[in-house]
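What follows is a set of notes on a single structure, which appears directly below.
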Amino acid sequence: MNAFELLEHAGSVDPAPDDVMGRARRAIVTAATQSGGRRPWLGMRLLDSHPGIRAAAAAAVLATGGVTVWAAVGGHTNPRTNTTIECGYNTYIPVESGDPVVDCRNVLRRQDHQVPALSGWITPTGLVAVLPKSDRPPAGSVPLPKGFHENGSVLYLDDEMNDVAAPIATGCTSAANAKGFASKELGVAGLSGWVVKVRPGAGSCSIYVSLTDASSKTLTLIPESYSSSPNVTVSLDKRLRSQLGSSPDARCVAPADAAALVKLDARDLHIDARSVIVSQGGAIGTGSPKCSIATLDPAGGIEVTIWIVPGTSR
Amino acid sequence: MSRSSNELLARSTNKPELFVEIFERHGQSIHSYLVRRAGSQQAEDLFSEVWLRAFKARATYDMSRGDALPWIYGVARNTLRSHWRCGTKAYPGAHSTYADDAPDLSYDPWPDVDGEMDALRLSAALHEALAALEPADREVMLLSAWEQLEPKEIAEVLGMPAGTVRWRLHKARSALQNTNVRPTPISQEIQ
């Protein structure tokens, strides 16, 4: 063996483990979901306006051992929650008309605020902010494109499919089951004409992350190897699912009661209240009764979004 | 017909989900590159960061380049460089500059790479011969031997003309040619 052959031989290494590939893939999927200027389901939060809350939330998650496969984006502080509009500063409102500026204006009017002229921006982190025209947006922001429309059903679908404790993400699931869950959630969201695709590569014990593409009406399920990572965020999510979802003990409650329940559960789990941000996602789908469910953001702090969905279909 | 990596990368600017396909194609290669230079544990920590950096910087990719893989190696190399320089393996914050794909040949990471090569059981003579190479020659040599890159691709990773790469590769090969390359016997390792 000559020097070059030996050098080549010395450079052979084992393939990347599945969990390492999975974490990186999830980080890219998360980043892809948050970005893309032309995509209509961009985030509706102006994180830059409340760094203190973000820091407290992140610190709380880290302090409670919340570094998991779900938080694969690590210090990437941009959360995946794409479901609430920040209207002005620290005011979160649900999607109503789909136009962030119109929705923000309506909420402020209902609150008897003197409503200034507003403008919408996409921040460098791919999120959307609605601010008074006189305020400077975060550096690098671009104006919200004309005709930008927020589709609450698509936001719900994306949140639910990638929720930290969604049924397809908490244990071994077959491709057929994952597809069934996706189809059911499309029904809950009232979205028709969508195609569910499953990427090849599922093992005997796979979980699934999802790519939501509203432009092609395609939901792509990507199998990943299962890695059990119990932490306080997952605990809170599972608890809320048992109380608000389709479990036998679940209750059909109003959004305000659901938000109160989140705070109570967080307290029981010894989670610092400052680390939990509760937002209203709005009502989606058709049918009755209308019940609240909660989805949790997998990255950053603990962000809970309360959705109102047709109770009978869950 | 499947799209080329550079076409996928260019199109991922407007369709970010396409970037996942690039990851599927080249993820293993980049992981191996990191393991060979930083070890398995550090590679695990840096792997996601490399891909997030590449994702964030994809708009800076020049479509006129050949395949996208050398560009991604360049991102991985700069991520390693930051890691070695800062002595931190933390992920960059949301406000970090990701579009940092300009190569920097002024920094010699050899001591770190060499530490990992101990685990690869090269002969002492080959260790010495590699250490004696100019940093740029050694970098070219390792990209050729380990990543199996062509001179043109190495040129893209390092941001130098392909002719310079060929010349450096020739120099490095000549220097290593007469090295006693026998691996270290196991009995000597135990002692």
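Keep in mind that this is a model prediction, so the values were computed, not measured.
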Of all residues at least two apart in sequence or in a different chain, which pass the side-chain hydrogen bond (donor to acceptor under 3.5 Å, both in side chains) check with B:E134?
B:R168, B:K171
A:P15: partners by side-chain contact (heavy atoms from CB on, under 4.5 Å), with sequence neighbours left out:
B:Q28
Heavy-atom side-chain proximity of B:H31 to A:V13 below 4.5 angstrom:
no
Quick one: are A:R23 and B:F47 in side-chain contact, heavy atoms under 4.5 Å?
no
With rounding to the nearest 0.5 angstrom, report the OG to CE distance, B:S48 to A:M21.
10.0 Å
Contact origin within B:E24 toward chain A - heavy atom pairs under 4.5 Å
side chain
Value rounded to 0.5 Å, distance of CD in B:E21 from CZ in A:R199:
6.0 Å
How close do A:R25 and B:F23 get, heavy atom to heavy atom, and via which atoms?
CB-CE2, 3.6 Å
Could you check whether any side-chain N or O of B:W146 sits under 3.5 Å from a backbone N or O of A:L7, counting only pairs where one atom can act as donor and the other as acceptor?
yes
